[in-house]
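Working notes, beginning with the structure itself.
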Amino acid sequence: MSGETDFYHLPVLLEEAVDSLDCRPGGIYVDGTLGGGGHAAEIMKRIMPGGRLVGIDADPEALKEAGARLEPYRSNVIFYKGNFGNIAAILAGLGIGKVDGILLDLGVSSHQLETAGRGFSFARDAQLDMRLDQTAGRTAFDLVNGFSEEELEKIFREYGEERMARRIAAAVARSRKEAPIRTTGELAEIVSGAVPAAARRGKIHPATRVFQALRIAVNNELGNLEKALADGFELLETGGRFAVISFHSLEDRMVKTYFRSWEKGCTCPPDFPFCTCHKQGRAKLIARKAIKAGPAEIEKNPRARSARLRTVMRIR
């Protein structure tokens with residue numbers, strides 16, 4: 001969801017993602033995570049003349065940056081401030097019924113991570129916010145200081161896949177009794193103090209998974225992804241493609257499950273000796289396995305290491 005300027009990190013799997021969409025001149029495409037417009041610019045090159053793109057992003061700063069990058073195509077691009085989870089309502093409001101392709105890049109941009117006021121990273125001490133759209137919704141501060149110890153443990157365990165979720169949630173609950181936890185630095189220090197010394201010496205900072213979990217919870221990332229997958233597939237023309245770049249196992253697992261269910265079609269229980277529902281597959285996987293970044297891209301952009309691209313084509 002990003003461009004090559006200082007504002008956003010390099011677009012991950014750029015050629016692979018846009019190639020997988022099989023972009024056609026005159027088609028209608030949706031970039032549901034527009035960011036700095038890196039993927040969108042490549043899509044526009046391939047769908048002109050006559051193609052149209054709907055670029056969606058919850059972050060006003062991203063829309064501004066993408067607008068500058070896509071200026072040569074302005075008459076063919078619709079910029080929309082919103083969440084990709086609302087893709088059906090957004091397109092309906094624009095009078096668009098079906099589209100030829102949808103792209104979602106679920107990564108958080110370098111700009112968002114490194115801008116102190118956003119509170120996404122413990123690398124820079126900042127207020128606990130973590131909202132992609134800073135004009136709406138609960139902040140990470142609200143969750144850390146308002147959720148019960150049990151709720152925090154569940155978030156850390158389920159969204160961060162944090163094995164020490166209980167210890168960390170207990171430490172957070174103890175600390176906030178003395179005073180509210182207001183900054184990323186304070187929270188990172190509490191998490192570090194809650195885990196064994198061996199965990200603090202690892203390659204990954206002990207607060208990494210906790211921050212990931214809070215970001216997912218604050219922005220309802222998995223809920224929005226699930227809605228976008230279900231609604232987005234119904235918006236595809238026959239032959240249209242849906243490409244998703246995910247960055248952690250929870251996202252990738254959901255994408256893989258949805259894509260394979262569309263391909264399989266049959267909903268009979270696994271122990272049935274033969275199919276009785278007679279439901280046919282509605283999609284075809286473009287590749288059986290997720291596409292990953294190569295060594296050259298990872299060297300240029302280390303965040304590409306965890307990227308996974310999956311693409312499906314609607315066949316009926």
Side-chain angles (χ1 to χ4, degrees), residues 1-20 31-42 57 59 61-62 65-66 69 103-126 130 132 140 159-163 184-185 187-188 191-192 195 198-216 218-219 221-222 225 243-256 287 289-311:
M1 57 192 275
S2 51
E4 296 179 0
T5 67
D6 290 337
F7 192 95
Y8 278 88
H9 66 68
L10 296 171
V12 172
L13 294 168
L14 175 61
E15 295 294 330
E16 295 89 342
V18 180
D19 283 349
S20 76
D31 186 337
T33 48
L34 186 61
H39 289 108
E42 186 62 30
D57 207 291
D59 187 344
E61 291 185 46
E65 177 70 12
R69 187 186 188 96
L103 172 66
L104 300 178
D105 172 357
L106 305 177
V108 177
S109 74
S110 296
H111 176 77
Q112 289 166 330
L113 288 172
E114 294 168 5
T115 299
R118 306 303 294 268
F120 284 106
S121 172
F122 45 80
R124 295 168 182 254
D125 197 26
M130 299 194 189
L132 292 172
Y159 295 164
E161 299 179 299
E162 173 55 66
R163 292 180 294 109
T184 57
L187 179 59
V191 174
S192 294
V195 303
R200 294 195 293 272
R201 293 193 294 269
K203 293 182 179 179
I204 299 175
H205 191 286
T208 299
R209 287 181 289 271
V210 167
F211 273 65
Q212 171 188 289
L214 287 171
R215 192 201 75 221
I216 290 172
V218 165
N219 296 290
E221 292 180 18
L222 294 178
L225 175 58
V244 183
I245 302 171
S246 58
F247 288 82
H248 61 74
S249 59
L250 295 176
E251 296 169 339
D252 185 54
R253 197 177 305 142
M254 183 182 294
V255 173
K256 181 178 178 180
K289 294 184 177 180
I291 295 173
K292 303 176 184 179
E297 180 173 5
I298 292 172
E299 183 177 359
K300 189 176 182 181
N301 180 9
R303 288 193 178 116
R305 187 183 305 277
S306 58
R308 302 289 183 271
L309 167 67
R310 296 184 188 273
T311 307

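Since the structure is predicted, the reported quantities are computational estimates derived from the model, not experimental observations.
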Which heavy atom of [X] sits nearest to which heavy atom of [Y], and what is that distance?
| X | Y | value |
| --- | --- | --- |
| Arg69 | Ala41 | NE-CB, 3.9 Å |
| Asp59 | Asp57 | N-OD1, 2.9 Å |
| Leu104 | Gly32 | CD2-CA, 3.7 Å |
| Leu309 | Ala243 | CD1-CB, 4.1 Å |
| Leu34 | Ala40 | CD1-CB, 3.6 Å |
| Glu297 | Pro11 | OE2-O, 4.0 Å |

Ignoring hydrogens and geometry, is there a side-chain-to-backbone donor-acceptor pair from Glu251 to Leu222 under 3.5 Å? no
Spacing of [atom1] belonging to [X] relative to [atom2] belonging to [Y], to within rounding of 0.5 Å:
| X | Y | atom1 | atom2 | result |
| --- | --- | --- | --- | --- |
| Glu16 | Thr311 | CD | OG1 | 10.5 Å |
| Thr33 | Leu132 | OG1 | CG | 10.5 Å |
| Leu214 | Asn219 | CG | CG | 10.5 Å |
| Lys292 | Leu13 | NZ | CG | 11.5 Å |
| Ser306 | Ile298 | OG | CD1 | 9.0 Å |
| Leu187 | Asp125 | CG | CG | 10.5 Å |

Measuring only between side-chain heavy atoms, which start at C-beta, is [X] closer than 4.5 Å to [Y]?
| X | Y | answer |
| --- | --- | --- |
| Arg310 | Val244 | no |
| Leu106 | His248 | no |
| Ser249 | Arg308 | no |
| Phe211 | Met130 | yes |
| Val255 | Leu225 | yes |
| Glu161 | Leu250 | yes |

Listed partners of Glu299 passing salt bridge (Lys or Arg N to Asp or Glu O under 4.0 Å), at least two apart: none
List the residues meeting salt bridge (Lys or Arg N to Asp or Glu O under 4.0 Å) with Arg209, not counting sequence neighbours, and say none if there are none. Glu162
Test side-chain contact (heavy atoms from CB on, under 4.5 Å) on Ser246 and Arg253 and set out the steps. CA-CA 9 Å; Ser246 58; Arg253 197 177 305 142; over 6 Å; no
